[in-house]
Structures are given as C-alpha cells and as structure tokens.
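The block underneath contains the structure these notes are about, expressed in structure tokens.
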Amino acid sequence: MTDRFQHTRFEEPAVGGGLPPLDPWEGPAILLVDLDAFFASVEQLDHPAWRGKPVIVGGDPDKHGVVSTASYEARPFGVRSAMPSSTAKRLCPDAIWTHGHFDRYREMSDAIMGILRAETPHVQQVSIDEAFLDVTPTAVNREHPARVAERIQRRVEEQGVTCSIGVGTSKTIAKIASDMDKPRGLTLVYPGGERDFLAPLPVRTMSGIGAAAEEKLRSRGICTLGQLADADLRMLERVFGKLGRVMHVRANGGDDAPVEQDDEVKSVSNEMTFAHDLTKRQDVEAAIATMAAKVGRRLRRKGLRGRTLALRVKFDDLSVRSVQRQLIEPSDDELAYTPLLYRMIDEVWRPGTPVRLIGVGMSGFEEEGAVQESLFDVTEAAPSTGDVEPVVRDKCKRRGLIEATDLVKNRFGETAVRFGRELRNEENTTGSSSKNPADYK
DNA sequence: TCTGGGGTCCTAGGACCC
DNA sequence: TCTGGGGTCCTAGGACCC
C-alpha cells in the first residue's frame, strides 16, 4: 500500500466517520457506486428468515435458467452471476431460490439514486445497481471525495442494503477500484497513481474488454493492463478498430470520458427462452404475439413510439438470426405491427427448425413532442384510393381495445388479459419472470 | 443437467443521392 | 458515357455490460 493507492474499509456505519487521515485530493474525482449483490440483498431485506443464508435470484434449473444474482453466502460454493442455474443448483443444493421481484428492486434503486442525486446533480446511472458521480472538489465545495463516499455508504445502509465505492480520476479507474473490495469496500486511487494501480491487473478487468478481446490480446502476448499500456498503438487499432485506441488510452490512465446525465431510452425489447423448443408455426406466432404485446404495453407506458421493429430468433444450437424493418410511421400498437412480425419470421425461420428463443424489439423513437396520430395503418402504405373510412374506424376501435386492456393489466396483472394468439402455455418459459400480480403495480 | 433478459455500441456492406 | 468520392440511411451480426 502506498500513499498513491489507498485501500480502506470502514467497519461500522460510524457516526463520526471511520476514515483514517486523508492526503489532499488534487484533480478530478469520479465515484462508482455499486450496490452489493443487489437483488439478493433486497430479498434478504424483505425476508428476514433468508438473512445469513445462501440466496439465489435466477431462472429455473430445468428450464434453461441462469443465475441473476447470488448472495454473498452462496458465493463460497462457487455460484456466480450468469452461471446456468443447473450448475448453481449442483454447487449449492440448499440455496433459497427466487425468480426475483423487479418492481421492488426498481423501487429500492430509485430511492438510492435519489440519495446520490442529493449529493450532486452529476450522476450517471449505468444500470439498476450502479452509478457514476462526479464529485470533483470545487472552490465552493472542497470536501474530500472519500468523505462524500463514506457518507453515501452510510445513507445507503440506512435503506437496508450495502454498496462498494471506487474513487479515481476517471470512470475507468473508479469502476475497477469499486471491484477491488466487496462488499462494503471503499477504494481510493489517488491522482497520479493510475498506471501503477492498473499495471498488474488482467486485461479482462477493464470494462469493454470481454472474452473475445481478451483472447485476441492473449494471443499477442498481452495479458495485463501494464502490457496493454505499453503495446503498439497501431497494432491495437489494426486489430480492434476504434476500441484499440480507447483501450490503450484507458490502460495508460488517460480516460477523460465525462459523467453524463443521459437517461434517454434508445430501445425497448422483450425476449423469452422456452423450456422446450418450438417447431410449429402456430406456437412461434403465439410467442411472437406475446412478446409484441409486452413491448407494446411498455412503449405505451413510457409514451414512446418507435419506427424500427426488430425480431430475434435463437435456435437450439444457440445461433441467432435477426431481422429489422422500418415502419411507415412510429408505433406503440402491437395490433398494428404484429402482422408484420409474422412476415418477418419467414425470412429467418422455416417451420420444423427448433426455436429456443424469440425476441421482439422497438427502437428509432421519434423526437419528444412529435407524436402525431395518423389515420393509416403503420404497416401499410397510405391507400391511394378514396377507401379511407374502414381503416379509420378500425384503427379507432383498436386503440380503444388496447387502452381497455392496459387498464385491466395495470390493475390485475400481466396475465389477466390475453389476446387469442398469445402463448398460453405458462409452463414453457424459463420462469424468470414473476406470475404474481402484485409485482405489476 | 450449460449458457437469461434487458440494454448499448460498433462494423461492414449496400442503396441512394449529390 | 464513364468515372469517383462523400454523406446518410438501412440492415445483419456481434461484442460487451449488468
């Protein structure tokens, strides 16, 4: 441990602060706040009997499910996020399992993000359980970033969950620092200490370098961030394109990406993996209708209309095909775009081929305030003849039906109303989504 | 007992227009 | 008639993140 790289932990949510004497902080200060085993921690908060026991939030072991989050009590058994649930079940047979309660996690997350925004408006939420904060000392607020971090940890713990925080001069450093000590860790990397901090770490530690990039680097003898920092820039650019320069800069501690408050949604999608592969056209269309309805409802709830409709299919060998189409006009109405999805599926699938997953997505949202109801069906060109009346009447009726359906679903839950084409076979999903109407407030 | 679901971003090729 | 380049949009696929 050097004065450049301080690594500390505060034992109790101490009123007086549990921090040792601090060196002054000169330069930018970015925090990454990461909620510890978030989903599992909320479950333990809500179920006192589960505290101190291995808890796994994830899909069913016998339905292609995977682990979403494992509590810290489950991790010594080797259980990790993204692991197939079947493997997790074998490693930790006595764990308590739950499919999760996402509205509850969202509620907790919102409360905690509120705590962060009370510290500074410069908050970038990167996921339900992570956010960057820019707390660079200013002329008016000279508070040490470690003191801000400590206060955040205390306030988060008052909500009943814990967090780990990394503090550095860039998002790259803050993110990696937050991973160094979990749970309830607080890791500082002082300005100037970036390269020494990064050098011994495996390349995979850095955000943006996944399995594929790691392998390409390894085959060129680059295994640590120190080796990446010293690697030839032109070679990196040749192999990785734009990413090559980015990873080189970051490995040298030079990341200057700002904390951005950009919460604009760019796409909305739903997908579903089946316990048993689908082969019949009727079943595939039913699944498409179900996904299309979920997407449509979320679009309407968010007040979004999209122009780009996408369909994704995964087969039993895990290969993926995708198709996308531009709509004549932006839509949030699945009754209008589902027929188009039925045509799109023909481009990537032939009945009889086993289908493991189907996904429907919408993107290309129109600008805010540009919402305009057209008289014409979105999936068809405007009629060139004078035969407009039936289309108009049809569309108005449909809108009324959609809105009535949303009302019922809002009150009684997602499964309360189904259109004829939607999938009825509840047993045939991975079971990672909740069937409890209380989950859909 | 293998490998979810919700996202973002990048790339490369083709169409089209000026 | 032949030629070229740049910009933009669209599409499919893939890497990556939590």
Side-chain angles (χ1 to χ4, degrees), chain A residues 32-39 56-70 80-91 93 99-100 102 105-106 109 124-132 171-172 175 178-179 203-216 237 239-247 257 260 262-275 291 294-295 298 302 307-327 344 347-348 356-364 429-434:
Chain A
L32 188 279
V33 178
D34 186 329
L35 302 175
D36 300 318
F38 181 51
F39 294 175
I56 295 174
V57 180
D60 285 347
D62 55 352
K63 293 182 182 174
H64 303 301
V66 298
V67 174
S68 179
T69 314
R80 297 284 180 273
S81 290
M83 170 183 282
S85 296
S86 51
T87 309
K89 187 87 191 167
R90 186 161 35 81
L91 293 171
H99 293 159
F102 294 91
Y105 308 152
R106 173 63 58 194
S109 173
Q124 178 180 1
Q125 186 175 349
V126 288
S127 71
I128 195 167
D129 65 353
E130 261 185 48
F132 287 110
K171 293 206 272 191
T172 296
K175 168 70 180 159
S178 77
D179 273 328
V203 291
R204 189 65 191 271
T205 313
M206 203 165 75
S207 186
I209 299 182
E214 178 186 38
E215 177 51 31
K216 283 189 193 174
E237 284 182 321
V239 176
F240 296 100
K242 214 182 235 182
L243 178 62
R245 172 172 289 270
V246 170
M247 61 172 71
E260 293 178 282
D262 176 14
D263 51 3
E264 188 183 320
V265 177
K266 301 205 168 86
S267 69
V268 170
S269 65
N270 275 83
E271 56 186 48
M272 177 165 51
T273 295
F274 312 108
M291 298 295 97
K294 288 187 180 188
V295 169
R298 287 174 60 206
K302 291 169 183 278
R307 188 178 286 278
T308 306
L309 181 65
L311 179 65
R312 224 166 78 88
V313 185
K314 188 186 283 185
F315 300 100
D316 58 344
D317 64 353
L318 301 183
S319 65
V320 174
R321 296 290 310 270
S322 62
V323 203
Q324 72 181 58
R325 285 289 172 273
Q326 301 296 309
L327 305 181
M344 288 160 67
E347 298 179 31
V348 290
R356 169 71 62 90
L357 165 151
I358 283 177
V360 170
M362 189 73 87
S363 60
T429 69
T430 54
S432 57
S433 65
S434 173

On a heavy-atom basis, which atom in [X] and which in [Y] lie closest, and how many Å separate them?
| X | Y | answer |
| --- | --- | --- |
| R321(A) | F315(A) | CG-CE1, 3.5 Å |
| A37(A) | A70(A) | CB-O, 3.8 Å |
| E130(A) | D34(A) | OE2-OD2, 3.5 Å |
| S68(A) | S81(A) | O-OG, 3.0 Å |

Q. Under 3.5 Å, is there a donor-acceptor pair between the Q324(A) and T308(A) side chains?
A. no
Any side-chain heavy-atom pair from [X] and [Y] closer than 4.5 angstrom?
| X | Y | result |
| --- | --- | --- |
| K302(A) | V268(A) | yes |
| I128(A) | F39(A) | yes |
| L357(A) | H64(A) | no |
| M247(A) | K242(A) | no |

For [X] and [N], give me the distance from atom [atom1] to atom [atom2], rounded to whole Å.
| X | N | atom1 | atom2 | answer |
| --- | --- | --- | --- | --- |
| M206(A) | dC17(C) | CE | P | 10 Å |
| I56(A) | dG4(B) | CD1 | C1' | 15 Å |
| K302(A) | dG6(B) | NZ | C1' | 10 Å |
| Y105(A) | dG6(B) | OH | C1' | 15 Å |
| M83(A) | dC2(B) | CE | P | 15 Å |
| R106(A) | dG6(B) | CZ | C1' | 10 Å |
| I209(A) | dC18(C) | CD1 | P | 13 Å |
| I358(A) | dG4(B) | CD1 | P | 15 Å |

Side-chain N or O of [X] versus OP1/OP2 of [N]: is the shortest distance under 4.0 Å?
| X | N | answer |
| --- | --- | --- |
| N270(A) | dG5(B) | no |
| K175(A) | dC18(C) | yes |
| K314(A) | dG4(B) | yes |
| H64(A) | dG4(B) | no |
| S81(A) | dC18(C) | no |

Q: Would you give the length of the straight line joining atom CD of E271(A) to atom NZ of K314(A), rounded to the nearest 0.5 angstrom?
A: 7.0 Å
Q) Rounded to the nearest 0.5 Å, what separation is found between the NZ atom of K266(A) and the CD atom of E264(A)? A) 6.0 Å
Grab the N/O contacts between the protein and nucleotides 10-16 of chain B below 3.5 Å, and write none if there aren't any.
from    : atom 1 : to      : atom 2 : distance (Å)
dT11(B) : OP1    : K242(A) : N      : 3.2

Over all strands shown, is [X] touching base, sugar-phosphate only, or nothing at heavy-atom distances under 4.0 angstrom?
| X | result |
| --- | --- |
| E130(A) | sugar-phosphate |
| M291(A) | nothing |
| A82(A) | base |
| R80(A) | nothing |
| D62(A) | nothing |
| T87(A) | nothing |
| V126(A) | nothing |
| I128(A) | nothing |
| V323(A) | sugar-phosphate |

(Q) So that I can tick it off, tell me whether R204(A) and E215(A) are bridged by a salt bridge, with the cut-off set at under 4.0 angstrom between side-chain N and carboxylate O. (A) no
Q | Residue mapping more 5' on DNA chain B - nearest nucleotide basis, S86(A) or V67(A) | A | S86(A)
Q. For DNA chain B, whose closest nucleotide is more 5', that of V265(A) or that of L318(A)?
A. L318(A)
(Q) Quick check for you: among dG4(B), dC2(B), dT1(B), whose closest atom lies nearest to any side-chain atom of R90(A)? (A) dT1(B)
Q | Side chain of E271(A) (C-beta onward), nearest among dC17(C), dG5(B), dG4(B) | A | dG5(B)
Q: Could you give the distance separating dC17(B) and dG4(C) at their C1' atoms, to the nearest angstrom?
A: 14 Å
Could you list the protein-to-nucleotides 7-9 of chain C atom pairs, N/O on both sides, closer than 3.5 Å?
none

(Q) Using Watson-Crick or G-U wobble geometry with both distances under 3.5 Å, which nucleotide pairs with dG13(B)? (A) dC10(C)
**Q.** Nucleotide forming a Watson-Crick or wobble pair with dC18(C), both distances under 3.5 Å
**A.** dG5(B)
Q: Would you mind calling dC2(B) syn or anti? Take O4'-C1'-N9-C4 for purines or O4'-C1'-N1-C2 for pyrimidines, and syn is within 90° of 0.
A: syn
